[in-house]
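Worksheet: one structure, shown below.
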Protein chains: 2
Amino acid sequence: MTARRGGGPTMHDVGKLAQVSAMTVSRVLKNDPGVSEATRERVFAAVDRLGYRRNQTARSLRLGGSGMIGLVVTNLANPFYSRLALGVQEVATEYGFRMLLSNSAEQAEREPDLIDDLIDHSVEGLIVVPTGSRQQHLADAMRHVPVVLAARPPAGLDTDCVLVEDFHGAREATAGLLAEGHTRIAFLGNPPALYTGAERLRGFWAAHEEAGIEPVHDLIRQGLVDAGTAERATRELLERDAQPTALFCTNNRISQGAIRALYKAETTLPVAGFDDFDLSDVLGIPLTVVSYDADEIGRQAARLLIDRVAQRDAEPPASRRVTVPTRVIRYGA
Amino acid sequence: MTARRGGGPTMHDVGKLAQVSAMTVSRVLKNDPGVSEATRERVFAAVDRLGYRRNQTARSLRLGGSGMIGLVVTNLANPFYSRLALGVQEVATEYGFRMLLSNSAEQAEREPDLIDDLIDHSVEGLIVVPTGSRQQHLADAMRHVPVVLAARPPAGLDTDCVLVEDFHGAREATAGLLAEGHTRIAFLGNPPALYTGAERLRGFWAAHEEAGIEPVHDLIRQGLVDAGTAERATRELLERDAQPTALFCTNNRISQGAIRALYKAETTLPVAGFDDFDLSDVLGIPLTVVSYDADEIGRQAARLLIDRVAQRDAEPPASRRVTVPTRVIRYGA
DNA sequence: CTGTTAGCGCCTTCAT
DNA sequence: ATGAAGGCGCTAACAG
């Protein structure tokens, strides 16, 4: 009962049963070569018989590392983040780390607390998708453990990050709409203070310049934060005299809001948007998505982080920036 | 640099600066009443100045509990599980616990290892969505820590679980189709060995009986595991001479596969399915979903678990079963 | 090849 | 109101 609470067997117990010292048990469990085959077997037998398991908490204390890395995301319910988490966990497991997950629930002000909390639990490194534009708390965190950023670059911080080809993807998708002859494309964007928001707008803009077409300023909406705000913004655009002939959305939730507005208005307009999503292929509307492998962002971030954790005692490497490629996919009519 | 690695300040350091013993620092940080206001302030000042943070690993070792609970799910990429995780985390945070997340990536055989791993890391309790039908490893786990099951009931285990109204939801949705006059409804189900698969079939069946209509055996498909298998099964049904006139799907991925098959076949058939999903409201097909609050499953499971953790030293409570209600929603034509 | 010593950082117990 | 001693379970460093 309540085994791990003072109950469970210790190395000492195992040693007693196997007639060796706790130290030898430790060596056996660590695969230390300097142990005779005979004792080795006796120890394993004792371990089995007692159902002994090494206490990782004690190990962490002794060794100074917990074998855990922390991941901080804003919203696990968004498939982008859950896939990212899967990627992180895949690589973490591969290298013998566990993942401690924290969700800031879109509240930027909670992020510093969550990070402190993870550090208190002796995570050996952190992967963070920064919520706001201030990153002072990340600088603080870096005094304790390595930090790698995902999806957004460091601002005044010297560390690694993994980014998506935001600019390139937005430019390519926009160029597709322009090539079809659209000259009045609405831009439905997340807050411009976010790196992704700014970059994707830049790509939208660049595609226009390259096509020699002036973007229509009146059709640019920024600061959309979820499907609801995107739906309202879209509806508002559709009610104007000078309507757009196509829409560009900067993320999956915005695309979904826009599509919902079109559906309710019983209108069809070509839509292009960042992030692929479930059923994008069966909507039956002209839809272009900028797709990329969110798992891969997590995997790469975990690799960069674990590398830094492993090099902990060496000179920290120069900060690296990895980019995950995007691919434009066209669905529908 | 690398603070928490032998670097960071300890209680001793704080004590030295505040001119008290480490013990007094411990008392202050614990809000122990027996400390004078003067020293209290000096200690806090020292804490601030050094940026001291209590080492949770050492605490865990000393206190015998890690303040963490483990959650084991099969597939974080499925919104059902990510929402469940959010619910767990919400309640865990509320009670001062952290959540350690493990993903078995649909590989039932990995589940025991993941669970052992979590127990080795001194989680104080576990929430598990059991993958397979064997639960022996859960019985083993229960010898160490309390375990609460989510979405599936215990099989030969004496513990709490949180379930969805599987039977009721399936019956109600099926009854809706029958009321519309359908007599040839296909059943597209996940493996019958899973509790949800069996219950939802039972509901499907019960609705038929109540309507005095014989289910068409030829139209029952079970063992579908993802959108791909569901799509193939649906296509196969559509190619038969005796086609169904409506479809019932037992989960979100199966619904999506079925919808994809219908789309590609350029056919429309009324679809009813368990689990709501993004954009279900804009597909423009007659769609009924059995919706429920997946977050709530996580919240309830976390409450049951934390209750057991808190009562650890008392007689364990009789096993409880909580049910989360379903709601049938109709979309589309 | 194996054992002893010491201590990671904290907190419970007992003393002052 | 505060401190000293001891130990949670484990392992690095040093014997032998």
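Throughout, protein chains are lettered first and strands after them, A, B, ... in sequence-line order, and every chain is numbered starting at 1.
For A/N55, the listed nucleotide lying nearest its side chain is D/dG9; candidates were D/dG9, D/dA12, C/dT12.
As a whole-Å value, the separation of A/L63 CG from D/dT11 C1' is 7 Å. Rounded to an integer number of Å, the gap from B/L61 CG to C/dT12 P is 13 Å. The separation between A/D120 atom CG and C/dG9 atom C1' is 13 Å, rounded to whole Å. Put simply, CZ on B/R53 is 12 Å from P on C/dC10, counting in whole angstrom units. Distance NE2 (A/H121) to P (C/dC10): 13 Å, rounded to an integer number of Å. Between A/Q56 atom CD and D/dG9 atom P the separation is 14 Å, expressed in whole Å. The NZ atom of A/K16 sits 17 Å away from the C1' atom of C/dG3 (whole-angstrom rounding). B/R59 has its CZ atom 9 Å from the C1' atom of C/dC11, to the nearest Å.
Contacts of A/R134 classified as salt bridge (Lys or Arg N to Asp or Glu O under 4.0 Å), with partners at least two apart in sequence or in another chain: none. Residues satisfying the salt bridge (Lys or Arg N to Asp or Glu O under 4.0 Å) test with A/D32, not counting sequence neighbours, are none. Listed by chain and residue number, B/E37 satisfy the side-chain contact (heavy atoms from CB on, under 4.5 Å) test with B/E41 (two or more places apart in sequence, or in another chain). In this structure A/T93 satisfies the side-chain contact (heavy atoms from CB on, under 4.5 Å) test together with A/Q89, B/R110, sequence neighbours excluded. In this structure A/L17 satisfies the side-chain contact (heavy atoms from CB on, under 4.5 Å) test together with A/A46, A/R49, A/L50, sequence neighbours excluded. Partners of A/S60 according to the side-chain contact (heavy atoms from CB on, under 4.5 Å) rule, which considers only residues two or more places apart in sequence or in another chain, are A/S66, B/T57.
Each of B/A58 and B/A22 has a nearest nucleotide on DNA chain D; the 5'-most of these lies closest to B/A22.
Remark: B/R83 CZ is loosely packed, at most 12 non-hydrogen atoms of other residues, nucleotides or ligands lying under 6.0 Å away.
Here B/Y52 reaches the OP1 or OP2 of C/dC10: one of its side-chain N or O atoms lies under 4.0 Å away.
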For residues 19-27 of chain A, dump all side-chain donor-acceptor pairs below 3.5 Å to protein atoms at least two apart in sequence or in another chain.
| residue | atom | partner | partner atom | Å |
| --- | --- | --- | --- | --- |
| A/S21 | OG | A/M23 | N | 3.3 |
| A/S21 | OG | A/T24 | N | 3.4 |

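Taking only distance into account, the side chain of B/R62 never meets the base of C/dC10 through a donor-acceptor pair shorter than 3.5 Å.
Axis deviation across the helix from C/dC1-D/dG16 to C/dT16-D/dA1 amounts to 40°, comparing end segments of five pairs, rounded to 10 degrees.
Residues A/G298 and A/L84 approach most closely at N-CD1, 3.4 Å, considering heavy atoms.
Non-hydrogen atoms lying under 4.0 Å from DNA chain C are contributed by B/M23, B/S26, B/K30, all within residues 23-44 of chain B.
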